[in-house]
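Letters A, B, ... are given to chains in the order of the sequence lines, protein chains preceding strands, and every chain is numbered from 1. Any value given below was found using the heavy atoms of this structure, including those in side chains, with hydrogens, waters and symmetry copies removed.
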Amino acid sequence: MQNNLFIYNSLSKKKELFIPLHEPFVGLYVCGPTVYSNAHLGHARPAILFDLLDRYLLHLGYKVRYVRNITDVGHLEDENAGEGEDRITKKARQEKLEPMEVVQKYLNTYHKNLEQLNTLPPSIEPRASGHIIEQQELIKEILDKGFAYVVNGSVYFDVLKYNGKYNYGKLSGRILEDLQSNTRVLDGQDEKRNSFDFALWKKAAPEHIMKWPSPWSIGFPGWHLECSAMSTKYLGEEFDIHGGGMDLMFPHHECEIAQSTAAHGKESVRYWIHNNMITINGQKMARSLGNFITLDQLFSGDHPMLLQPYSPMTIRFFILQAHYRSTVDFSNEALQAAEKGLQKLMKAVSTLNKLKAADSSAFDTEKLKEKCYEALNDDLNSPVLLSHLFEAVKFINSVSDGNEKIDEAGLKAIKELFNTFIFGILGLKDETKGKEDEHLTGELINIIVDLRQDAKNRKEWDVSDKIRQTLKELGIVIKDRKDGADWERE
RNA sequence: GGUCGGUUAACCGAGUGGCUAGGUAGCGGUCUGCAAAACCGUUUACGGCGGUUCGAAUCCGCCACCGACCUCCA
């Protein structure tokens, strides 16, 4: 199997040719959300980027195992000793729910939203709470190798010792001395040998709800452990691609690298891919900043900053129109432009299906196809891919207007091309189709009911009865009222 | 303060040392009974100052501004 896909590896900071470890299999691990509130626009970005990657790899013929975790154990709200309460527990207390009810509630909307965005589901969606044993096993391994220490029932990763043998900070470009001098001094860290050490296992306070027994204490796993444990379980000690948002690079992914390397004695991830942030008024959109717009709000238009609702495909197109390593700034103007652009593309698809073949063609579909692959192979450059597709749109419209010609073969090729790239790889779909048909049907029935009323007015009862009967057979019931007639579906 | 990244026309957003990205909006035209759509043409660009080069928005340096990470975060 051959490909020419170059992806930007955050670890080497270079575009590298993608070569999977065990062809034709590809292992892809992506950090999913912590489910304690509704998914917002920012969550859509990695979902769509890695869906694009998943779809493209599948298209190239790889067998992809796509693992995307759900963090349902929660992270500490603040690190001050004793006051730390994890976000899920906090939400559970606020909403008077079981922690797992909180998790389920927001996991359900997350799934619904991602389906609306037309992302393919991952192959495995493991949850942190379901892998406590695996996480404990990993802690034991790290302890055995001497890269962790136990204090008062908690286990901490010994960064300094790790850094003596390996290189802590290689992904995010941190230097340990800098970290030492720059890290804020926080209270309650006296258990740690160094401020940059991080917890693998935390002893739980008595009032803590989510806790499990372990050799060290009744407690809960550390913040970064789940990804190391679950990626190893489902993809192996070494696997191809690990993805996530740029904001996770440090400390989350850095700690993951340290944990896995400490336990297995080797690097686990071959290609790190990080998507950039979505900003709003130039600032990162984040739950903790309170400046987010949820996907449900975008789809319904129910948010003070939204001038109108935006459909899931508009959001998808909007995100695909920017390269994943750039920030994208939210604005109504930009989303409206995306909406129009998507409409233009979809309209061209239906125009294409109506085109008549001529005996000659002035369009080089082979060349276009090449350029499309080139764009994707160049670090998944979806905006450039779209710009190439719009060249074809222009040509299709010209043919439709009679200014250009396309032959049978060209027509077939361009249909295939559109099908592959627009629907198959970019994962777009025509949202107007169903709605239009629905609407059209309604209007057609209105006309028929109107004509029946005319017949009734002329006392042409056989005609009006025939219409009523025929419609009934189709499941449309006419209800005569004093001033005209209504209809409804059975 | 440390590390990293960004600054492209009205808006969004690509980009290679020399060749019109693309989308949206605007303007003019073609088509059309009217309108819409479509098509053709078209106006505002590469933060500032230097340097390298025959030539730089693209490479280098300095400056300005913005942002991300350094705490949970997609």
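Comparing atom distances between the A:S398 side chain and each of B:rA14, B:rA74, B:rC39 picks out B:rC39 as nearest. Closest to the side chain of A:S326, from the set B:rA14, B:rC72, B:rA74, is B:rA14. Of the candidates B:rG23, B:rG15, B:rC69, the closest approach to any side-chain atom of A:K344 belongs to B:rG23. When distances are taken from the side chain of A:K394 to each of B:rA14, B:rU24, B:rC39, the shortest belongs to B:rC39. In the set B:rU71, B:rC11, B:rC39, the nucleotide with an atom closest to the side chain of A:N403 is B:rC39. Side-chain atoms of A:N397 lie closest to B:rC39 of the nucleotides B:rU24, B:rC39, B:rC70. With B:rG23, B:rC73, B:rC70 as the candidates, the nucleotide lying closest to the side chain of A:P251 is B:rC70. Listed candidates were B:rC72, B:rG23, B:rA14. Nearest to the side chain of A:H323 is B:rA14. Closest to the side chain of A:F250, out of B:rC73, B:rC69, B:rG13, is B:rC69. In this structure, of B:rA74, B:rG13, B:rC39, it is B:rA74 that holds the atom nearest to the side chain of A:H40.
Of the side-chain N and O atoms in A:S400, none sit less than 4.0 angstrom from OP1 or OP2 of B:rA37.
For B:rG48 and B:rA56, the P atoms lie 15 Å apart once the distance is rounded to whole Å. Comparing the same atom, C1', in B:rA9 and in B:rC69 gives a spacing of 32 Å after rounding to whole Å. Straight-line distance between the C1' atoms of B:rU32 and B:rA37: roughly 11 Å, to the nearest whole Å. Rounded to whole Å, the P atom of B:rU8 lies 14 Å from the corresponding atom of B:rG15. Separating the C1' atom of B:rC54 from that of B:rG2 is a span of 42 Å, rounded to the nearest Å. The gap from the C1' atom of B:rU43 to that of B:rC27 amounts to 8 Å, rounded to the nearest Å.
Closest-nucleotide positions on RNA chain B for A:T327 and A:V393 were compared, and the one nearer the 5' end corresponds to A:T327.
Remark: A:K211 NZ is packed, more than 12 non-hydrogen atoms of other residues, nucleotides or ligands lying under 6.0 Å away.
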Could you write out each protein N or O paired with an N or O of nucleotides 29-31 of chain B at a distance under 3.5 Å?
none

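With rounding to whole Å, A:M249 atom CE is found 16 Å from B:rA68 atom P. Atom CD of A:Q283 and atom P of B:rC66 are 13 Å apart (whole Å). Straight-line distance from the CD atom of A:Q321 to the C1' atom of B:rC12: 7 Å, rounded to whole Å.
Side-chain contact, A:H111 with A:E125: a donor N or O sits under 3.5 Å from an acceptor N or O.
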Watson-Crick or G-U pairs under 3.5 Å in RNA chain B, rendered as dot-bracket with [ ] for crossing pairs and | for another strand: (((((((..(((.....[...))).(((((.......)))))....(((((..]....))))))))))))....

